[in-house]
Each structure stands twice: as C-alpha cells, then as structure tokens.
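In what follows, a single structure is set out as structure tokens and then discussed.
Note that these values count all heavy atoms, side chains included, but never hydrogens, waters or copies made by symmetry.
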Amino acid sequence: MRLSRYFICTCREVPREAESVSHQMMLKAGLIKKFSAGIYSYLPLGYRVLDKIIAIIKEEMDRIGAQQLLLPFVQPAELWKKSGRWADYGDELLRFQDRKGGEYVLSPTHEELITRLVGDGIDSYRKLPLILYQIQIKFRDELRPRGGIVRAREFLMKDAYSFCQDFSGLQDIYQQMKRTYEQIFTRCRLNYKLVEAESGPIGGRVSHEFIVPSDSGEDSIVECKNCGYTAKLEKTSYLPIYQRDEEKLQELKEISTPGVKTIEELSQFLGVSPSRMLKTLLYQTDRGLIAVVVRGDHQINETKLRELMDTQQLTLAGDELIKVKTGVEIGFAGPVKMESCPLIVDEAVVKGKNFITGSNRKDKHLINVNPARDFHPSLVDNIRLVQKGDKCPQCANILNLTRGMELGHLFQLGTKYSKPLQATFLGREGRKREFVMGCYGIGVSRLPAAIIEQNHDEEGIIWPVEVAPFQVIIISMGPETLEISRRIYLDLQKQGLEVLWDDRELRAGVKFKDADLMGIPLKVILGNTYLTERKVEIKERRRGQIKKVTSDKIYPVLMELLKNA
RNA sequence: CGGGGCGUAGCGCAGCCUGGUUUAGCGCACUUGCAUGGGGCGCAAGAGGUCACCGGUUCGAAUCCGGUCGCCCCGACCA
C-alpha cells in the first residue's frame, strides 16, 4: 500500500477525550474513530490489526475442531423470555420493536440462540462433543462507556459454545479451551494472568478469566505473590483469621451522636477505629428488604451477597423506603432490635466484641454491642470483599490488589440454558438428555488496546509482528530514491510481504515519526546511505537496531528479522 | 441514575465574564508555489465555520436567559 493513498490521518494532538495510553495512540495513529459514546469505526490501519487478531483466533479455534458460524445480530425476544433473561438482563439489553410491533433485542451474547440452534439440529450423542463459535458484533447498552475501545457499547467478540453429553466431557473441552486461549494471548504477545472467577455456592460452576494487568483496566484483581493464587476481587476468598482477644463483654449503652451518620464521621466523632464499628446496610431484594451487617472497615461483596440470597435485585434501599419499612432514620440503622427484616451478618462480625453501631433511633448510637448477646443473625456468612492485608486462602501469605483488563472468559454453563430451552439429544441409553454446555468469550476489539498497553514507547506503538498492520514500511527520502523505492516495494509485495510505502512528499522527520507512531516492525530506509553507498538501511522498531544491506539482500534480511522480532 | 466539566473548521484551543472594529481568531493538519530532503524545518499565498440545536431578551447574540440534545470525567457501596 502506498501511504500517499492510504486512508489514514495521524495527528499530533490527541483528542481531549482520550485518557489511557492505548486510547490516545489508537486515535493518534488513526486506527479508530469515534462516532458516539462507546461506538467506534475501525479505519483501514486499525482494521488490519483486528483482522490479524481474528486470524490468530480462527487458527487456534480450528485447531481444536471448533466450527465457525455466524448468528444473527438481531434476535427475537421470544427466546430471551423463555430463558428468563428478557427480565433479568437489565438495561444493558437493548430492546426494540419492528414496524409490526414485534419485539427484538440487539445481541449482547448468544447463548439462547445457539442453544436453540443446536437443540434443533443435534439429536444424537454420536455428534458430541460439539464446539461452535463466531466472531461478531455485540451490543451492550453500557450505562457509562469508558476508556475508548476498552469499554464500548458496540464491540467485536469471539464467542464459542460447547455441547457435551455430560460433565466430564465439559471438563475436557474446558481444559482444551483454556490451552487454546493461552496460545492465542501468547501469540499476541500479551502478558496475561489466568484468574479464578469461581461463581460461588452452586457446585461445579467453574469460571476463569484471562486478565492483562493494566492501570487503565477496570477490574480489580487479587493475587498472591507467594503461591500464585489470582482471582477477581468479587470472587476472591481469603483466609479468615480473627484474633480471639481476651476482651470482656461490656455493658450495652446508648450514646448521643447528633447528626453523625457515616462511619467516617462516627470514627472522627468518637476517635475510634472503624474496625470497632458495625455498619448496617439495607438492601432491596427479590424477596423484600434485608439488613446486612459488616464491620466498619469492611466492604460488602455484593456479588457474593446476591448469590447467597439467591436474588437478582440487590440495590441499596433509599431513604424513603427505609423510613417507611423500618422507621429508622438513614445513618442510624443498627442490628439491635432490627425486627422488620432478616439480618445477614458477615462472619468477621460474630468473631468480634463490643462494637459501636447505629441504634435505630435518630442521633443515637449504641456502644458495646455484642453479637449473640445483643442481636441474633438470621444468617452468618463470609460476605465482605478482600482488602489490603488479608491472607491468601491457599498459603496464608499477604494478598495484593491490582487492576486489570478482562480479555477472555471461560464459563461452565451446565444445563442453565439447555434446560429452560429444552435443548436435548438422545443418549446412548436411548433417553432424552439435556446438553451440558460451556461458553467461552474473547473481547476481540479489546485486544488491540491491550496489546498497545503492553507494547509501546514514547514515540508510539510497537506492534508484535504477528498482529502488525504491515510488516514493513519503506521510507524514501527525496525524489532521487523514489524509483528504486518503487521497485523494492513491488518486489517485496510480490514476495508476499505486507508492505507500506511512504511515498509522500514530506520531510524525513515526519515519515520517521509516523512510522514509529504506527508501530510498523521494520523500516526500509532509502536516503543518503543509498545515494552514497548503494545500500538500504533496515531498522527494527522494537530494538532500534540498524542493518545496512545491498538491494539483493533486503528480502532475506527482512525475513530473518521478522522471524526473530 | 447523582455530581462536575465541556460543545466555536478534521484535531487542539482563544474569544463569552463586561452583547456592537471580529468580515469569528490562533496553532496543527489540508491546497498551491518556493525552499528543503536523516527525526514533526522555513517562507509566501489560499481553502475550510448554520459558533451543538430550539426558543427568548435586545436596534444588535458565539457572548445574556430558558429549554433540549450530545460528549467527557468522578461516583453510583459505607447507613
């Protein structure tokens, strides 16, 4: 491709909207263009990268016998109503009507459709296991898209679905898929972490995520430097160690705390650490109001709580609702004599003594509140988030908290969809059975951003060869080298290299800057050195090393460098 | 959904507070020519705008007022 004709616009100034390095560079190098919040176009240069990534994914998926297909982007609402997700999915699911009033959704994911498809199409265990996948646009109406392409509303995803006879078959596919993902991310030169994302109490429902560490990522992950344990914050467990101190139970007393509502205020007001306090939060759930009690320095793990209570809805109750239902002023709720709703209590609470809590009366708090003596939990469980200083559940070492970007997700679905959608096959024994399913996603359009986050310098992107939009850029300086450049360009192209030729009538500096920004792995430079020595220079983007070679050696040297880059 | 900020040329911005010499300006990019040709060089001449939209106030609105829409950031969990 001749750069003079290429549809691209690199720019010096970064649009104000861009915060993260990858977002800035993608805009600067002209890979993407935004049209609306979370809605982007891929320009030719950006699309080439995407195309390379897609090729890698296809290759690796095909290797394990997965079959590619393409499902519709617009789905009828019917299937979603059947699976229950029409109601459960929430506002991220974009629903709309056609001219006849028929209800549809823009696909945020495809479990329903694929389950129906396979349910209709496969009758016998003889065809199992089956893995199908597609690479397609998804739409999720995110409340707040951010970070450019990282959290977009419209994005490209590879989603694969496996269908097995039984759970052990699923295990095998799951392991295979894990290895495939490792292969894909390694080929993209991504430094990733495989993170446990175990989904709680329902046995065997295993889940893993592939996360790249990045400050601009929006997932919190927890890791143990000692044994390598890693997990998403909401899914993490910790070693519950609470000191059993010898403290005596003190007498329960009410104190006056006018206008003191938050833990922070209370802590300042009394000069006591938040760990000596309890906070009581009221949540609205599917089955009404619940009161949740954790220590003042702890945070509630809503993901766990949701699973524990088996509820879809889990929102903090508003001031009004709390007053009406419990008669308590906001800021003064407490566990003692909280009779209007069930008390869900974190296990750290019942291990402690003499807490300070709300009194359920305005402007009053209680001191020396003791579990068991002063209040009686309906349920005690581990419902708080891991925080700094907590111990690893595997080796008791101190856990670390970092941030990361989720790129891939493996999930064992079991019969979650095959059951409600009645997707069955005949087993060997001649009986109807439900498919045991797994699903496996990769955020394809996130990969370029993640790769840039991990492969760049001040000048711009440094594409790994396998995903680079072009392998080589020819930079010709001045009219004297134009003709020879053209010949080299055509020759390299004929040999099968992906070559960009900067034939623009611009100063050398501009061309170098652009080439660096675009991150093309190898430059072939024709300038003074060619005019004086009849040699071209080949410069590596990543290491900056320069080789001078005669015309006939260009191709072999390039090939050699590409292999090792 | 709450809070904050912003909307002026493809991009980055100034002008707005205090309405009228502003024919709406600057830098980058773009076009033409000169010059130059190894790291965003220089000179000259150009082209490019319904000042987000709708309404109001006024003799007069990018500027003041009201509304709408869009975009960005933070929060959406500490009772």
Taking a pair as Watson-Crick or G-U wobble with both distances under 3.5 Å, which nucleotide is matched to [N]?
N	answer
B:C1	B:G75
B:C34	B:G42
B:U50	none
B:C28	B:G10
B:U22	none

Between [N] and [M], how far apart are the two [atom1] atoms, rounded to whole Å?
N	M	atom1	result
B:A14	B:G60	C1'	23 Å
B:A52	B:A9	C1'	14 Å
B:C30	B:G15	P	27 Å
B:G2	B:G40	P	50 Å
B:C34	B:A62	C1'	38 Å
B:G5	B:A45	P	42 Å
B:C17	B:G75	P	35 Å
B:G42	B:C6	P	33 Å

Taking any heavy-atom pair under 4.0 Å as a contact, classify [X]: base, sugar-phosphate, or nothing.
X	value
A:Gly358	nothing
A:Gly478	base
A:Pro274	nothing
A:Asp516	base

What is the distance, rounded to the nearest whole Å, between atom [atom1] of [X] and atom [atom2] of [N]?
X	N	atom1	atom2	answer
A:Leu506	B:C41	CG	P	10 Å
A:Met477	B:G40	CE	P	13 Å
A:Gln299	B:A76	CD	C1'	14 Å
A:Ile475	B:G37	CD1	P	18 Å
A:Lys513	B:C28	NZ	P	17 Å
A:Asp514	B:C28	CG	P	16 Å
A:Leu43	B:C11	CG	P	13 Å
A:Arg507	B:C43	CZ	P	13 Å

Next on the checklist: Using a 4.0 Å cut-off on heavy atoms, which residues in residues 27-41 of chain A reach RNA chain B? List them by number, or say none.
Outcome noted: A:Lys34, A:Ser36, A:Ala37
Item to check | Selection: residues 531-542 of chain A, any non-hydrogen atom under 4.0 Å of RNA chain B | outcome: A:Glu537, A:Lys539
Checklist entry - Short question: side chain of A:His23, backbone of A:Ser20 - any donor-acceptor pair under 3.5 Å? => result no
Checklist entry - Backbone N or O of A:Ile462 within a donor-acceptor pair of the A:Arg541 side chain at under 3.5 Å? => result no
Checklist entry - Between A:Trp501 and A:Tyr489, what is the ring plane arrangement, given parallel below 30°, perpendicular above 60°, and tilted in between? => result tilted
Next on the checklist: Let's go through A:Ser207 and A:His409 carefully: what are the C-alpha distance in whole Å and the side-chain angles of both, what is the deciding distance for side chain to side chain donor-acceptor pair (under 3.5 Å) to 0.1 Å, and is it a yes or a no?
Outcome noted: CA-CA 7 Å; A:Ser207 174; A:His409 201 158; 2.7 Å; yes
Looking at [Y] and [X], is any side-chain nitrogen of the basic one under 4.0 Å from a carboxylate oxygen of the acidic one?
X	Y	answer
A:Asp516	A:Lys539	no
A:Lys138	A:Glu154	no
A:Arg2	A:Asp502	no
A:Glu103	A:Arg95	no
A:Asp514	A:Lys28	no

Item to check | Earlier contact from the 5' end, RNA chain B, for A:Leu278 and A:Ile525 | outcome: A:Ile525
Option passing side chain to side chain contact (heavy atoms under 4.5 Å, CB included) with [X] (candidates [options]):
X	options	value
A:Pro335	A:Leu366, A:Thr280, A:Asp374, A:Val292	A:Thr280
A:Lys513	A:Glu459, A:Met518, A:Arg507	A:Glu459
A:Val293	A:Val350, A:Val345, A:Ile383	A:Val345
A:Leu497	A:Asp491, A:Leu522, A:Leu492, A:Ile554	A:Leu492

Checklist entry - With no angle test and no hydrogens, is the base of B:G37 tied to the side chain of A:Asn528 by a donor-acceptor pair under 3.5 Å? => result no
Polar pairs (N or O, both sides) under 3.5 Å between protein and nucleotides 3-9 of chain B?
| unit_1 | atom_1 | unit_2 | atom_2 | d |
| --- | --- | --- | --- | --- |
| B:C6 | O2' | A:Arg16 | NH1 | 3.4 |

Item to check | A:Phe470 six-ring face occupied by A:Arg48 cation (under 6.0 Å, within 45°) | outcome: yes
